[in-house]
Amino acid sequence: MTMSMSMTSETDRIERSIIINAPRERVWSALTNAESFGTWFGADLKGQKFVVGARTRGAMDAACGHDNVWFDIIVERLEPQDLFSYRWNPYPVDTSIDYSLEAPTLVTFSLKDAAEKSTLLIVVESGFDKIPPHRRIDAFRAHTGGWEFHLKNIANYASS
């Protein structure tokens with residue numbers, strides 16, 4: 001498997017990209033089939049679908065290192081084989097916080113054709129500057145490393 005990853009970060013956004021040795025259709029399916037997404041992302045999304053405007057929610061597995069953490073999103077856009085985006089509240093590890101009172105971040109996955117029938121996958125998570133200051137740094141740090149981890153996971157999943 002060939003993987004190439006690039007990174008950029010500011011205070012409000014994280015951007016990561018990876019070239020996946022798989023055709024665009026396979027990467028798109030891994031991203032937008034909720035059960036497939038849950039497999040490589042580590043969330044129980046069995047029986048669910050991603051639908052624009054709808055909520056998708058499932059327990060994260062133990063690999064995330066926190067108990068009682070939920071993958072909980074509202075799908076924003078599904079543009080077949082080009083763009084998938086959702087909103088969520090990042091780093092929801094403190095059960096005493098009502099995250100619904102905070103502004104969510106926006107996660108956008110973009111796909112582009114790459115050489116030799118590979119796919120360039122770009123993920124951008126933006127909106128960290130709207131997170132309350134006492135949580136912002138931890139959320140930004142956790143998701144910076146998290147996107148690197150998850151891009152490797154989807155690359156392995158889609159190219160196998």
Side-chain angles (χ1 to χ4, degrees), residues 3 5-18 20 27-79 82-112 119-158:
M3 284 196 295
M5 191 177 297
S6 68
M7 305 177 239
T8 62
S9 298
E10 301 169 9
T11 61
D12 189 55
R13 66 188 260 135
I14 298 165
E15 181 174 337
R16 299 287 181 266
S17 63
I18 191 167
I20 301 173
V27 177
W28 179 254
S29 179
L31 273 177
T32 61
N33 175 294
E35 290 188 22
S36 294
F37 185 104
T39 299
W40 62 264
F41 196 85
D44 182 3
L45 302 179
K46 289 182 181 77
Q48 298 190 60
K49 293 183 179 196
F50 291 139
V51 177
V52 173
R55 181 181 195 186
T56 303
R57 187 172 194 263
M60 295 290 293
D61 66 26
C64 75
H66 302 283
D67 292 328
N68 302 314
V69 174
W70 293 88
F71 175 81
D72 190 357
I73 68 167
I74 303 292
V75 176
E76 282 257 320
R77 294 168 57 190
L78 276 167
E79 297 174 12
D82 287 328
L83 188 138
F84 170 49
S85 67
Y86 59 78
R87 293 196 178 270
W88 70 349
N89 293 98
Y91 200 57
V93 297
D94 185 341
T95 57
S96 69
I97 295 174
D98 181 356
Y99 295 101
S100 69
L101 301 175
E102 296 182 3
T105 57
L106 176 65
V107 176
T108 303
F109 295 95
S110 302
L111 287 80
K112 299 186 184 314
T119 303
L120 172 63
L121 175 61
I122 303 164
V123 63
V124 175
E125 183 172 7
S126 59
F128 285 94
D129 286 349
K130 294 178 184 172
I131 296 172
H134 67 280
R135 287 194 350 91
R136 186 177 307 141
I137 292 172
D138 288 339
F140 190 84
R141 283 183 186 149
H143 283 228
T144 297
W147 285 121
E148 292 168 25
F149 174 79
H150 289 303
L151 285 181
K152 289 175 186 173
N153 284 351
I154 191 173
N156 289 331
Y157 182 90

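All residue numbers in this chain count up from 1 along the given sequence.
A donor-acceptor contact shorter than 3.5 Å is absent between the side chain of Y99 and the backbone of P104. With E15 contributing its side chain and I122 its backbone, the two residues share no donor-acceptor pair below 3.5 Å. When atom types are taken as modelled, the side chain of N156 and the backbone of K152 share a donor-acceptor pair closer than 3.5 angstrom.
To the nearest 0.5 Å, atom NE2 of residue H150 and atom CZ of residue F41 are 3.5 Å apart. For the atom pair OG of S126 and CD1 of I14, the computed distance is 10.0 Å after rounding to the nearest 0.5 Å. The NZ atom of K130 sits 7.5 Å away from the CG atom of D12 when rounded to the nearest 0.5 Å. In this structure, the separation between OG on S85 and CD on E79 is 7.5 Å, given to the nearest 0.5 Å. The distance from the CG atom of L121 to the CG atom of L111 is 5.5 Å, given to the nearest 0.5 Å. If you take CG on L83 and OG1 on T32, they are separated by 11.5 Å, rounding to the nearest 0.5 Å.
At a threshold of 4.5 Å between non-hydrogen side-chain atoms, the residues T119 and K112 do not count as touching. By the 4.5 Å heavy-atom criterion applied to side chains, D61 and D44 are not counted as neighbours. In this structure, the side chains of L78 and V51 stay at 4.5 Å or more apart for every pair of heavy atoms. The shortest side-chain heavy-atom distance between S17 and V123 does not fall under the 4.5 Å cut-off. Side-chain contact between I154 and I20 is present, with at least one heavy-atom pair separated by less than 4.5 Å. For the pair V107/F84, no side-chain contact is recorded, criterion being any heavy-atom separation below 4.5 Å from C-beta on. Y86 is not listed as a side-chain neighbour of V52, based on a closest heavy-atom distance of 4.5 Å or more.
What you find for V27 and A158 is that their closest heavy atoms are CG2-CB, 4.1 Å. Of all non-hydrogen atoms in I131 and A139, the two that sit nearest each other are CD1-CB, 4.2 Å. In this structure, D82 and W28 approach most closely via the heavy-atom pair N-CZ3, 3.8 Å. Scanning both residues, I18 and L151, for their nearest heavy atoms gives CD1-O, 3.7 Å. Smallest separation of non-hydrogen atoms from F50 and I73: CE2-CD1, 3.6 Å. W70 and M60 get closest at one heavy-atom pair: C-CG, 4.0 Å.
Exactly one residue among L45, I74, D72 makes a side chain to side chain contact (heavy atoms under 4.5 Å, CB included) with T56. That residue is L45.
Note: W88 and F71 have perpendicular aromatic rings, judged against thresholds of 30 and 60 degrees for the angle between ring planes. Below 30°, between 30° and 60°, or above 60°: for Y91 and H143 the angle between ring planes is above 60°, a perpendicular geometry.
For F109 and W147, the gap between ring centers is short of 6.0 Å.
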Take Y157 and T39 through the side chain to side chain donor-acceptor pair (under 3.5 Å) test and state the conclusion after the steps. CA-CA 9 Å; Y157 182 90; T39 299; 4.8 Å; no
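Within 6.0 Å of CD1 on I97 lie more than 12 heavy atoms contributed by other residues, nucleotides or ligands.
Side-chain atoms of T105 and E125 include a donor-acceptor pair closer than 3.5 Å.
Salt bridge status for E102 with R135: present, with a side-chain N to carboxylate O gap under 4.0 Å. Ion pairing between a basic and an acidic side chain is recognised when a charged N comes within 4.0 Å of a carboxylate O; R16 and E148 show such pairing. Between E76 and R87 a salt bridge is recorded (basic side-chain N to carboxylate O distance below 4.0 Å).
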